[in-house]
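What follows is a set of notes on a single structure, which appears directly below.
For reference, positions follow the sequence shown, starting with 1. Keep in mind the model is a prediction, meaning the values are calculated, not measured.
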Amino acid sequence: MSNTRLTRSGKIEAARGSISDRTGTTLVSTDLGSSVAMYKTNVDDETLNNSILLMTNILKQNGDSYINPFPISIEPFEFMFDSEEKLAEWRTKYKIPEAASAEEAFYIFRDKYKIKNDNPEEILQILAIRYAIETVGYSNTRTLEISASITPESAVQLQEMGQSLTGVSVIQEPIRKYHTGNLASHIIGYVQRMRKENVEEFERRGDTHEYDVDDKVGQTGIEYVFEEYLRGKDGEKQIDMSVDGTITGEYTAEEAIGGANIVLTIDANLQGITERALAANIDKIRNGGFGHVYETEGGSAVVMNVNTGEILAMASYPDYTPEDFYNGISSAQLESYKPGKNLQFRAISSAYAPGSTFKMITAVAALESGVTTTTEKIDDNGPYPLEGAKKQPACWYYNSYGYGHRRLNIAEALEKSCNYFFYEVATRMGIDTLEKYARFYGIGSKTGVELSSEKAGEVASKEGLKNATGDGWTKGHTLNAAIGQGRNNVTPIQMAKYISMIANGGKKIKPTVIKDVILSNGTYVAHSEIDEFVKDKLNLEEDTSENFEISEETTRAVLQGMLSVTDDRGGTAYQTFQDFNIQVGGKTGSAEVGTQIVNAWFVGFAPFTKPEIAVVVMVENGGHGYYTAEVVKEIVAEYFGMNVKEVKEAMNVSSEVESFR
């Protein structure tokens with residue numbers, strides 16, 4: 001019996017944990033599906049080739065794809081290399097004559113694998129798998145995955161043809177399902193087959209999980225950061241088979257343990273509204289809906305609880321579909337994603353000059369350092385005096401109309417977005433004081449959100465300028481910094497943290513997208529453990545910025561100025577919010593990048609009397625800040641239920657329903 005029977009170990013893949021929103025809506029889950037794999041058997045080439053052809057025919061007729069790394073296409077015959085150098089290396093490795101055409105090379109491989117077939121399409125089916133066997137490899141105990149997800153029809157037919165399919169195994173395994181398409185794609189991230197970078201990281205971190213070359217692991221977003229929690233622990237099965245590859249028995253040696261479930265702070269409905277409103281706004285700007293065409297292709301939006309830092313929605317446009325990557329994204333699909341566009345998480349990975357949205361920091365710093373008061377009026381009477389400048393800096397209003405805003409207090413200066421006022425108070429306090437308050441609000445540091453690829457941005461400072469250019473600091477640099485230009489660069493998530501702190505009176509918060517991590521046995525992971533895990537994985541640093549107690553008088557003055565932006569006829573966003581029945585404090589910003597691009601910001605909070613949420617919208621080359629205000633209006637309306645058309649009571653809902661309104 002031992003001469004005619006083999007036993008090999010097989011893996012029982014653990015079900016990957018689910019990802020849901022704060023209300024319990026499942027965003028990502030793991031369903032049971034089927035895959036097909038091959039393992040090495042003691043058979044001749046003809047038997048192996050016939051088995052491969054039968055298997056691929058079954059997959060094709062049911063619309064299932066399978067691996068095909070063979071670098072020659074047919075109809076017409078062409079080499080599939082992106083450079084002559086790679087083609088030359090391949091020819092050398094496989095001893096293909098330099099003068100051989102793609103068609104000639106194709107038939108060289110046919111003869112090499114002893115394929116007795118004259119149909120090019122069927123030859124290619126066999127070559128695809130034979131070439132994968134040679135390049136990737138398999139053995140009696142390690143399988144080669146042919147297709148990661150097959151239809152039930154293919155699974156049944158392959159199992160029924162088992163006697164004729166040498167070395168072919170249909171495997172029941174968990175399949176990742178993204179139930180909401182591209183919703184929150186940059187937050188959720190995607191899972192893909194193991195890459196070299198993953199192996200190196202696991203080795204560097206001393207990961208205790210045993211990964212195989214065909215395993216799928218998180219590559220971006222929550223799928224990446226919480227890979228160790230989501231993955232679970234694989235089980236083991238023993239498989240008995242005859243020497244010709246026929247399986248004769250199978251039993252479980254060790255049960256698999258499912259991964260942890262992740263509950264996010266986002267609300268799926270609000271996330272959807274945020275994404276749609278942002279996309280519609282970008283399209284409107286791009287098509288001249290505000291009277292002028294701006295070539296914009298991207299933007300982002302963040303909605304944050306001002307008291308807890310919980311992120312209720314975070315969108316980046318354009319986005320992508322995570323499920324496209326699960327079984328290996330096609331070249332055509334990847335090419336449809338614009339380079340540096342769809343996969344770029346603008347909310348956390350792109351930093352921009354904040355423009356006038358920075359002025360609340362300048363206002364707080366000026367009031368708290370005592371260089372001005374809430375009642376002092378500064379006269380914007382034209383260009384601001386700057387010794388040695390070729391052209392004296394002036395407020396945007398003077399440049400447009402030929403005269404200044406005249407006498408304004410700090411709240412009025414915020415309403416009118418008067419550059420002259422902020423030039424003056426910044427000159428009085430100096431850049432060092434302004435830098436300290438900017439760092440207090442989180443400018444120039446990562447927020448520590450539980451996502452990879454976050455940028456720290458930059459805060460305008462003497463040291464930063466010297467390190468970057470070697471130049472010394474000047475008064476002109478201070479003036480630029482005071483109005484959010486110069487060396488100030490912030491990410492939208494940093495901006496949301498900063499606006500939340502303005503709205504909550506100066507209480508420091510830590511932005512988060514994680515509400516709970518729940519192990520498969522129902523145990524909740526302590527938030528302190530989660531924080532330590534994320535800090536270690538993302539190499540986060542402690543917040544070392546100076547702490548300040550912001551006075552109520554300062555907070556009232558700044559918030560009043562932001563309310564005037566939306567509530568007073570002279571405010572830069574009055575037209576958008578004039579008939580809105582929720583008071584929103586806001587600030588527009590139009591930040592110039594060179595001479596051709598103007599990035600558009602709108603930042604705000606609501607409601608005014610007792611702020612709950614901060615909303616930040618940024619559109620690349622959006623032209624004017626007030627263009628983006630309508631996105632904020634729509635988000636606030638959704639949050640406070642103003643878009644509800646009809647409410648029906650659900651009789652089957654549990655009595656324990658969370659509300660974050």
Once side chain to side chain donor-acceptor pair (under 3.5 Å) is applied, do any residues pair with Asp64, and if so which ones, sequence neighbours excluded? Thr151, Ser154

Run the ring-ring contact (aromatic ring centres under 6.0 Å, His included) check on Tyr224 and Phe325 step by step: do they pass? CA-CA 13 Å; Tyr224 164 73; Phe325 291 85; over 10 Å; no

Is it true that the side chains of Thr447 and Glu454 contain a donor and an acceptor less than 3.5 Å apart? yes

State, to 0.1 Å, how close Ile266 and Ala184 come at their nearest heavy-atom pair, and which atoms those are. CD1-CB, 3.9 Å

Side chains of Ser20 and Ser18: do they bring a donor and an acceptor to under 3.5 Å? no

Check step by step if side chain to side chain contact (heavy atoms under 4.5 Å, CB included) holds for Tyr639 and Leu270. CA-CA 7 Å; Tyr639 178 84; Leu270 190 65; 4.2 Å; yes

Give me the atom names and distance for the closest heavy-atom approach of Ser147 to Tyr66. CB-CA, 4.4 Å

Could you check whether any side-chain heavy atom of Val631 comes within less than 4.5 Å of a side-chain heavy atom of Val615, counting everything from C-beta outward? no

Donor-acceptor under 3.5 Å (Ser445 side chain, Gly442 main chain): no

Any idea how Tyr229 and Phe226 line up, ring-wise: parallel (<30°), tilted (30 to 60°), or perpendicular (>60°)? tilted

Quiz question: by atom type and distance under 3.5 Å, do the side chains of Thr512 and Glu450 form a donor-acceptor pair? yes

Using a distance-only test with no angle check, is there a side-chain donor-acceptor pair under 3.5 angstrom linking Glu223 and Gln219? no

With a cut-off of 6.0 Å (strictly less than), are more than 12 heavy atoms of other residues, nucleotides or ligands near CD of Glu549? no

Just wondering, do Thr321 and Tyr178 contact through their side chains at under 4.5 Å, heavy atoms? no

Result for salt bridge (charged side-chain N to carboxylate O under 4.0 Å, His left out) between Glu310 and one of Lys497, Arg22, Lys510 points to Arg22

Test of understanding: with salt bridge (Lys or Arg N to Asp or Glu O under 4.0 Å), list the residues that count as partners of Arg286, not counting sequence neighbours. Asp283

Looking only at heavy atoms, what is the nearest atom pair of His186 and Asn342, with distance? NE2-O, 2.7 Å

Between Pro607 and Phe640 the two heavy atoms that sit nearest each other are CD-CZ, 3.4 Å

Go through the steps to decide whether Glu542 and Lys535 satisfy the test salt bridge (Lys or Arg N to Asp or Glu O under 4.0 Å), and finish with yes or no. CA-CA 9 Å; Glu542 295 289 344; Lys535 178 182 174 183; 2.5 Å; yes

Taking atom CD of Gln271 and atom CD1 of Ile635, what is their separation to the nearest 0.5 Å? 9.5 Å

CD1 on Ile348 to NZ on Lys455, rounded to 0.5 Å: 11.0 Å

Using a strict 4.0 Å threshold on nitrogen-to-oxygen distance, state whether Arg231 and Asp215 make a salt bridge. yes

Measure the shortest side-chain to side-chain distance between Val558 and Val364 over non-hydrogen atoms and say whether it is less than 4.5 angstrom. yes

Check whether the side chains of Asn269 and Glu638 place a donor and an acceptor atom closer than 3.5 Å, and report yes or no. no

How many angstroms lie between CZ in Arg193 and CD1 in Ile67, if you round to the nearest 0.5 Å? 7.0 Å

Ionic contact status for Glu227 with Arg16, cut-off 4.0 Å: yes

As an exercise, state the distance from CD of Glu297 to CG of Asn621, rounded to the nearest 0.5 Å. 9.5 Å

Can you tell me if Glu552 has over 12 outside heavy atoms packed within less than 6.0 Å of its CD? no

Closest heavy-atom contact between Pro354 and Ala591? C-CB, 4.3 Å

Might you point out which heavy atoms bring Ile311 and Thr265 nearest each other, and give the distance in Å? O-OG1, 2.6 Å

